[in-house]
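One structure is given below, encoded as structure tokens.
Order of the sequence lines fixes the chain letters, A, B, ..., with proteins taken first and strands second; residue numbering starts at 1 for each chain.
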2 protein chains.
Amino acid sequence: MSERLLPRAERRRRTEGRILDAARTLFADMGFERTTIRAVARAAAVDPALVMQYFGSKQELFRQAVRVAPVPDAGLDADELVDQLIGALSMKIGELPQSSLAMMRSMLTHPEAAASARELLGKQIDRLADSIPGEDARLRAALMTMVMLGVTVGHQLLELDELRDVPQEEIARVLRPSLRALTGPTVS
Amino acid sequence: MSERLLPRAERRRRTEGRILDAARTLFADMGFERTTIRAVARAAAVDPALVMQYFGSKQELFRQAVRVAPVPDAGLDADELVDQLIGALSMKIGELPQSSLAMMRSMLTHPEAAASARELLGKQIDRLADSIPGEDARLRAALMTMVMLGVTVGHQLLELDELRDVPQEEIARVLRPSLRALTGPTVS
DNA sequence: GTCTATAACAGGATAGAC
DNA sequence: GTCTATCCTGTTATAGAC
């Protein structure tokens, strides 16, 4: 509790960080609408009005809380891509960035989150399409992306028993041929 | 406008129907939280308090609006199942029951919708698992279900360009091998 | 009495005063 | 940084119409 001794700028930085952490957790857990400024403030141990003071609006707080690092692009072939997708899936809920969960949680009900999701998924589709040969690369890339989204939603957000109780290697094993089938008409 | 001449019971039935239709549309469009009782009442051309009088709570209105007929069970083999899933997907947004869309729209942010979704998806998984051979039938069935959910979310709810601009037969053609790969390790 | 409309309350986001 | 006032929710209580 030596925060009183810190310079103003540093204290402000830490407070903002605490607020953003609390916001990420709550947004990821309950979505945009059910998350109240008051609850965020309580979780961060600050005055509710301070949150408004710092971020201006709940909208803007959300925007900064879910800001997610863009996917690092890399030229891979189709099989490597499948492996990478499967790898990303096997992350546990605690490890997967809360900001992504927060965005996914609200993407069906909050316009801003929907826009972010479309943008992020679009980038993912672009990246996949670049590594897939053929006329219909974009369609295949989009379907691969939606397959991963569906499985992630069922696993992380809906927490279906059928997916939660199964070791990730098992999921990966069953899912791999299905994703491979989407990379192209023939396994050259 | 001869409604005045109808018996009370009939008038009430129609008014309830109008309210439920309006609620379904709004819930499907904006989700549970962003749908206000007042907006539903306005769309149905009734007084807001009437909605409460009839349904008791927004929760109960939602419950009745999204009540969806259970999937008719049928013993099919794996390939027929894939065809059926693909067929269900090709329904356009206007044809797919609004009640299902309403439930899907809110399943990530509204606890009641989440419970309904788990139940409905669970039934779908059971049905699929019965038609799939092997130890891991339930896992495969769950993944098939989530694949369909992901594609549906991308298509109907997120309305991704990559899926909206493509004819359904095209989607079906690309998706079919991927679903087949989930029905079992070998195509007997 | 049953249906409909009005008013009042509690909790939320937000703007402005202090 | 904090407090207060305003507006919009869901919900309940109350009054009026048939």
Side-chain angles (χ1 to χ4, degrees), chain A residues 1 3-20 22-24 26-27 29-66 102 106 109-113, chain B residues 1-20 22-24 26-27 29-66 102 105-106 109-113:
Chain A
M1 299 299 180
E3 297 197 0
R4 263 166 216 292
L5 304 177
L6 294 171
R8 250 176 322 169
E10 174 65 8
R11 246 185 52 188
R12 154 115 189 198
R13 212 185 53 74
R14 294 198 182 186
T15 305
E16 273 194 15
R18 274 211 324 279
I19 294 174
L20 282 174
R24 259 186 286 270
L26 287 170
F27 281 137
D29 240 41
M30 331 225 274
F32 182 85
E33 328 282 350
R34 297 184 107 79
T35 297
T36 69
I37 297 270
R38 286 163 163 86
V40 171
R42 211 175 313 130
V46 299
D47 189 278
L50 190 64
V51 178
M52 293 296 297
Q53 174 79 8
Y54 281 0
F55 297 94
S57 71
K58 186 180 175 181
Q59 183 75 257
E60 185 59 27
L61 174 63
F62 180 79
R63 199 172 300 154
Q64 296 201 27
V66 306
S106 293
T109 44
H110 188 50
E112 170 103 8
Chain B
M1 297 309 175
S2 58
E3 297 194 1
R4 261 167 218 292
L5 303 177
L6 294 172
R8 251 176 324 170
E10 174 65 8
R11 246 184 52 187
R12 156 115 192 197
R13 211 184 54 74
R14 294 196 182 187
T15 305
E16 273 194 15
R18 273 212 323 279
I19 294 174
L20 282 174
R24 259 187 288 271
L26 286 171
F27 281 137
D29 239 42
M30 331 225 275
F32 182 84
E33 328 282 350
R34 297 183 106 79
T35 298
T36 69
I37 299 267
R38 288 163 165 87
V40 170
R42 210 175 313 129
V46 298
D47 189 277
L50 191 64
V51 178
M52 293 298 297
Q53 174 79 9
Y54 281 0
F55 297 94
S57 71
K58 185 181 176 182
Q59 182 74 257
E60 185 58 28
L61 173 63
F62 181 79
R63 200 171 301 152
Q64 297 201 26
V66 306
R105 175 75 71 189
S106 294
T109 44
H110 186 48
E112 169 103 9

If the cut-off is 4.0 Å, is A/R38 near the phosphate of C/dA13, judged by side-chain N/O to OP1 or OP2?
yes
Separation of C/dG11 C1' from B/K58 NZ (nearest whole Å):
14 Å
Using whole Å, report how far CD of A/Q53 lies from C1' of D/dC3.
13 Å
Is any side-chain N or O of B/R11 closer than 4.0 Å to OP1 or OP2 of C/dT4?
yes
When you match A/A49 and A/E33 each to their closest nucleotide on DNA chain C, which lands nearer the 5' end?
A/E33
Look at the side chain of A/R24 and the backbone N and O of A/A65, then say whether any donor-acceptor pair between them is shorter than 3.5 Å.
yes
Donor-acceptor check, side chain of A/S106 to backbone of A/A113, threshold 3.5 angstrom: yes or no?
no
Remember a base hit wins even if backbone is also touched, and classify A/Y54 as base, sugar-phosphate or nothing at under 4.0 Å, heavy atoms.
sugar-phosphate
Rounded to whole angstroms, how far apart are CE on A/M52 and C1' on D/dC7?
14 Å
Rounded distance in Å - CG (B/D47) to P (D/dG10):
14 Å
Separation of B/M30 atom CE from D/dC8 atom C1', in whole Å?
14 Å
Quick check against the 3.5 Å criterion: does A/R18 have a side-chain atom that pairs as donor or acceptor with the backbone of A/A44?
yes
